[in-house]
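Here the structure is laid out as structure tokens; the discussion comes afterwards.
Lettering follows sequence order; numbering is per chain, from 1.
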Amino acid sequence: MSINKLVGSFDEAVADVFDGAIILIGGFGPANGSPSYLIRALERQGAKNLTLVGNSPGHGRRAPGAAPPAIRRGPPNYDNGGILIQNNQVIKAICAFPGHSRPGMESDFHKQLAEGIMSLEMVPQGTLAERIRANKAGIPAFFTPTGVGTAIGEGKETRIIDGKEYVLEYAIKADFALVRAHKADRWGNLVYQGTSRNFNGAMAGAATVTIAEVDEMVELGDLNPEGIATPSIYVNRVTSRQDSKGE
Amino acid sequence: MSINKLVGSFDEAVADVFDGAIILIGGFGPANGSPSYLIRALERQGAKNLTLVGNSPGHGRRAPGAAPPAIRRGPPNYDNGGILIQNNQVIKAICAFPGHSRPGMESDFHKQLAEGIMSLEMVPQGTLAERIRANKAGIPAFFTPTGVGTAIGEGKETRIIDGKEYVLEYAIKADFALVRAHKADRWGNLVYQGTSRNFNGAMAGAATVTIAEVDEMVELGDLNPEGIATPSIYVNRVTSRQDSKGE
Amino acid sequence: MAERLDEQTMALRVAREFEDGMVVNLGVGIPTLSSNYIPEGKEIIFQSENGCLGYGQMATSEEERDFNLINAGGQFLIKQPGMAFFDHAESFSMIRGGHIDLCVLGGLQVSEKGDLANWLIPGREPGAIGGAMDLAFGATRLVIAMTHTTKDNQPKILYKCSYPLTAPGCVNLIVTDIAVIEVTDDGLLLKETAPGWTAEEVQALTEPKLKIALDLKQMSL
Amino acid sequence: MAERLDEQTMALRVAREFEDGMVVNLGVGIPTLSSNYIPEGKEIIFQSENGCLGYGQMATSEEERDFNLINAGGQFLIKQPGMAFFDHAESFSMIRGGHIDLCVLGGLQVSEKGDLANWLIPGREPGAIGGAMDLAFGATRLVIAMTHTTKDNQPKILYKCSYPLTAPGCVNLIVTDIAVIEVTDDGLLLKETAPGWTAEEVQALTEPKLKIALDLKQMSL
């Protein structure tokens, strides 16, 4: 048998996500870095009590009837983790950017936060990226300067090393990572496009199961071995907008 | 003025290395990943009491008259940090692989170690790579499983996190990094070739001053922005075997 | 009192801080505008925390917009020679590791010790800490670009920040719509005033006592 | 007593541990040889700690040798589809982070609890710890391939290692030139003997008491 990590459908790819899972979701703002098809599959799948980890929990879909923004704000077929919040699947967000309500786009996240349905762990973006990377790299905890003397550092262990104060931060032990890439081969090597790499590149390999959503599959050997951003070892399943079923 | 990190000569590139400096030197075994020209320039420059950090302190040059090995063991123009030891410039090695004496190739490192001229800090290869990366990334210390319950962990702070024991390891605060890459542009973006990336890619940016030695300079924009292994921000000076003087 | 500077003019003044060859990270708002005013003959390498180094021009038309090419402020970038892309972990290695020469952020409050508050107004929805905290801790030099006062004319430069801190003692320079103030070990030093503004007028809108630079200048714009 | 297996035959037995799709890291010596015996129809992704994933064939002539393509054992590799290159920090993220499914290392001593000693013989020049310690701590499954005894026929499988440890309790399986032994929570379990060897003969060259597997087999080679 030859290795082939391509999964036939988006639904199949997320079928084993369990209630209470901690899920890394890549992306940054409305850029083309959100694993939208996988997120929608997870919405259909319906797992509950999820913890979402990412730059932002996401605004989800616009309220019915709300006018689209004056400027097209996202790429085609775009969705983010906010639709899982709107579907009442999420109990916690670990993020750097909770976002705000804005006209025609009330934040369900903030609503559920106010109602006590959800909780928020706010993490500086760099600490978030490093806590994700730490889990990938087998580092359970590390010291960082970020947060010392602020609300973020409160209640955390601190230590002075070489005359400077640091806080101790822990790896995020995630169960699943949903990442968006540009191309993959059957081993799971990934390349990205521009700034759509963002958290996706940091999250691939940082969970027990990493599931990638790509634009297209290429033959093994087509990706330049010097320029593979995510080596295959970090990827468990690949879904393709061209080759996997689901929508 | 436009940015141009290319330095006119190898000697100029290492001119400010000071006595007592801690120097990262890239490479792994006899592969084409040793910044040989920079090492020889540092030999000419003569700074003393250096600490060398790298996978191996290096065997240096064969004794005069010793037969070359049956199989050609290194690429053309190859040298390693061992020549600095042979030149009595080094007082300490921080490494994973001290190497051994072998016929026709007595290890000056082991000789100076036995004589008490040099000291050795043995570090597991992964811990070494991570301690180097930590300094690049502004992480002063981190926990790792490697070394618990062994001589490497002895005397180090340990802690149980989620039921597993870890040792605390510290970033290596290096003054200079000498790295070998394949191509550079004038900003200092670097690409490598195959497994010659090794410690070079981890060390670039991990010292106060990073000096790269490359095969050739290319025009800004010639390197694929998706495949730049070392972004320019990590590189202070570039030397080129084609464009810099020195040998 | 004279008019206050508009955002573009503040951005222009901020850009005077750019030195040739610097790596610069710009926060959302006025800081971002300053990339339009790079001093003649200087080459600046802009870093964006979402994984880009070496951007410059922005897309100017809908057609040029590429959803794979944005900066952290959501602006659409254009490919340019020397660019490199990387992931968030690498990006914040750059930031936390002290590789950013200059960072310009917006501010809600700055204290006389250079403490910065710029992410959370108590009583509002939880704010966005984003990358600002790592930048404030990690950048070699931090410039804050903000209006000198709140909308109801209350000082934003205070003895002590009342809002939660982004980072203590991190600010090196404050560029406002009426003044340029350096944070020194001896307190705040007024270095420049906007055209038409006196040191006394700036002081009146600033809570801590300002020292006046011997070479106090009018901002040259 | 029957003959002991030679290195190639041990390597062949080691390769039986490879399962389809596994990521495998091979130490220097016998482990490395096992890459020549990948079971028919299985695809294995080999990782080398000096920054390569997905190698396979080795260079067979001087002309094929590329000094930019070696593995950690110093063997010259050949480019093959699916390969990826990366730096040492990334490589040991893979290793420390538990992404290596199977690692095969040589051994000087193994204890009945699965402690491994393979880097330092007291009294000699300081040994080379290399990447073995991270691999021993990080690999999901660790197989040790070694001769069953020292050159003067003393056991290398001991109650307790007398040499400095590489890692405690890390070994899952020991493949020697006379036997295959699994490390279990209840001690060492003899699973296979080399052709012509009895369980008693293997026990005589092993310090701790071996449990005998109910389905004890002769190694099929």
Quiz item: Side chain, backbone, both or neither: which part of D:Ala132 has a non-hydrogen atom closer than 4.5 Å to chain B?
Solution: neither
Practice problem: Please check if atom CD in D:Gln57 has more than 12 non-hydrogen atoms from other residues, nucleotides or ligands closer than 6.0 Å. | Solution: no
Quiz item: Looking at B:Leu120, B:Val148, B:Val123, B:Thr127, which one has more heavy-atom pairs under 4.5 Å with chain D than the rest?
Solution: B:Val148
Quiz item: In Å, rounded to the nearest 0.5 Å, how long is the span from CG of D:Asp87 to CZ of B:Phe28?
Solution: 13.0 Å
Practice problem: Among D:Gly51, D:Ala72, D:Cys52, single out the residue with the greatest number of heavy-atom pairs under 4.5 Å to chain B. | Solution: D:Ala72
Self-check item: Part of residues 193-201 of chain B lying next to chain D, heavy-atom separation under 4.5 Å
Solution: B:Gln193, B:Gly194, B:Thr195, B:Ser196, B:Arg197, B:Asn198, B:Phe199, B:Gly201
Self-check item: Contacting region of B:Ile132 [heavy-atom separation from chain D under 4.5 Å]
Solution: neither
Practice problem: Only counting residues at least two apart or in another chain, list the ones meeting side-chain hydrogen bond (donor to acceptor under 3.5 Å, both in side chains) with D:Arg4. | Solution: D:Thr149, D:Asn153
Quiz item: Is the number of heavy atoms from other residues, nucleotides or ligands within 6.0 Å of CD (D:Glu19) greater than 12?
Solution: no
Quiz item: Would one find more than 12 heavy atoms of other residues, nucleotides or ligands at under 6.0 Å from atom CZ of B:Phe97?
Solution: no
Quiz item: Relative to chain B, which segment of D:Ser48 carries a heavy atom at a distance below 4.5 Å: side chain, backbone, both, or neither?
Solution: neither
Quiz item: If you take all heavy atoms of D:Met133 and B:Pro124, which pair is closest and at what distance?
Solution: SD-CG, 3.6 Å
Quiz item: Around atom CG of D:Asp185, are there more than 12 heavy atoms of other residues, nucleotides or ligands at under 6.0 Å?
Solution: no
Quiz item: For D:Tyr163, which residues count as a ring pair (Phe, Tyr, Trp, His ring centres under 6.0 Å) partner, sequence neighbours excluded?
Solution: none
Exercise. Against chain B, work out which of D:Leu165, D:Leu69, D:Asn50 has the most heavy-atom pairs shorter than 4.5 Å and name it.
Key: D:Asn50
Practice problem: Report, as yes or no, whether the 6.0 Å neighbourhood of atom NZ on D:Lys156 holds more than 12 heavy atoms from other residues, nucleotides or ligands. | Solution: yes
Quiz item: Could you name the residues of residues 89-97 of chain D that have a heavy atom within less than 4.5 Å of a heavy atom in chain B?
Solution: D:Ala89, D:Phe92, D:Arg96
Practice problem: Taking atom NZ of B:Lys156 as the centre, report whether more than 12 heavy atoms of other residues, nucleotides or ligands fall under 6.0 Å from it. | Solution: yes
Self-check item: CD-CG distance between B:Glu130 and D:Asp134, expressed to the nearest 0.5 angstrom
Solution: 10.0 Å
Practice problem: Working to the nearest 0.5 Å, report the span between NE2 of D:His88 and CD of B:Gln125. | Solution: 3.5 Å
Quiz item: Looking at B:Ala129, B:Gly126, B:Cys95, B:Ala229, which makes the most heavy-atom pairs under 4.5 Å with chain D?
Solution: B:Gly126
